[in-house]
Amino acid sequence: MSKEWVRFLLKVESVIDFAERSEYQGTAEPQAALNARRGGLVHGTKVATKGGWTLVEELQVGDLIRTLDNGFKAINRIATDCITVPPDETNADSMPVRIPSHAAYNGRPVWLMPEQGVALDNTKLDHDPIALPVSLPVVSARLLSGMFRITSNVPASCFDISTLFFDQDEVIYIEGGFRAFCPSGRFGSRNVPGRASYKVVSAEVAADLIYLTGRRRDIAVLANSLGSLPAPIFDHPIVPTRPARGARRPGRPGRPVMMI
């Protein structure tokens, strides 16, 4: 077999960055561009599901997603949009943030939209956690720029994002162990009364939390190492359950009964 044929049989395992898409060229006018300053997960981002890691663009309504506090929850709606960034955009608040490989528990770069909510572990900061009513306050990803080699950048002039919606507010795990906030409605919209379980803190509180995170220099505030594990969760136990008292497993002698 020739070398040329071998080259065409290679399989692409992953894509680190996003290429320019010619069909969107010339549409980056401010009035035609979909505002990049919003939440959502950039296509190419892996999400922890019941079957293991899955690219966000491959998820479907009804898929079970691993949540932080409520086990596995089904997606009830997915919104997909193409984001167009003007070529002269310089405002960091309107650009996604790039988390380089190995900045947390990610083996490749991860992109976050500027207004994508990220849950911080308030208990790991050097202050009294009682002063804040929740242990996992939610801040905008754009505020993380400048910490742990995280920068504001643009993956391409046009790129796709998907926003996941659940029956109630949820925090899910994405690659790198980051905790992404998924509200029951669009990010920044009014939540259904009684359903909100996480708090998107004010700009002043968020600034204090980011300052404390930078001073702490502990990536565990932003990401959870357990949340980065790629192993799937099975419906059935992997090992046999413990037998009833006095019974023995087939093929296993067990311990002899001691006479008293």
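Position 1 is the first residue of the sequence; numbering continues from there.
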Of the non-hydrogen atoms in [X] and [Y], which two are nearest, and what is the gap between them?
X	Y	result
Asp93	Pro114	O-CB, 3.4 Å
His102	Gly107	CE1-CA, 3.9 Å
Phe159	Pro155	CD2-CG, 3.7 Å
Thr67	Tyr173	O-CE1, 4.3 Å
Ala141	Val97	O-CG1, 3.6 Å
Glu115	Ser140	OE1-OG, 2.7 Å

For Arg77 and Phe165, indicate whether the former's side chain and the latter's backbone hold a donor-acceptor pair under 3.5 Å.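 Absent.
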Taking only residues two or more places apart in sequence, or in another chain, which ones meet [X] in a side-chain contact (heavy atoms from CB on, under 4.5 Å)?
X	answer
Thr54	Thr49, Glu58, Leu59
Ala74	Leu64
Asp208	none
Ser162	His43, Val56, Ile78, Thr80

Mind checking whether [X] and [Y] have side chains closer than 4.5 Å, heavy atoms only?
X	Y	answer
Gln60	Asp63	yes
Leu222	Ile99	no
Met113	Ile161	yes
Val171	Asp69	no
Glu89	Val154	no
Asn224	Asp121	no
Pro109	Pro100	no
Ile172	Ile65	yes

Could you tell me the separation between the [atom1] atom of [X] and the [atom2] atom of [Y], rounded to the nearest 0.5 Å?
X	Y	atom1	atom2	value
Gln116	Arg38	CD	CZ	10.0 Å
Cys82	Asp160	SG	CG	5.0 Å
Thr163	Leu41	OG1	CG	7.0 Å
Phe178	Leu144	CZ	CG	8.0 Å
Met147	Arg217	CE	CZ	10.5 Å
Glu170	Arg179	CD	CZ	15.0 Å

How would you list, by chain and number, every residue that makes a side chain to side chain donor-acceptor pair (under 3.5 Å) with Asp218, sequence neighbours excluded?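 Testing Asp218 for side chain to side chain donor-acceptor pair (under 3.5 Å), a comparison that skips the adjacent residues, returns none.
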Does NZ or CZ of Lys73 fall inside the cone over Phe166's six-membered ring, less than 6.0 Å from its centre and within 45° of the axis?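 No, Lys73 and Phe166 do not form such a contact.
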Do Gln168 and Ser184 have side-chain N/O donor and acceptor atoms under 3.5 Å apart?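 Judged by distance alone, the side chains do not pair up.
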Transitively linked via ILVMFWY side-chain contacts under 4.5 Å: Trp111 with Leu55?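 Each belongs to a different hydrophobic cluster.
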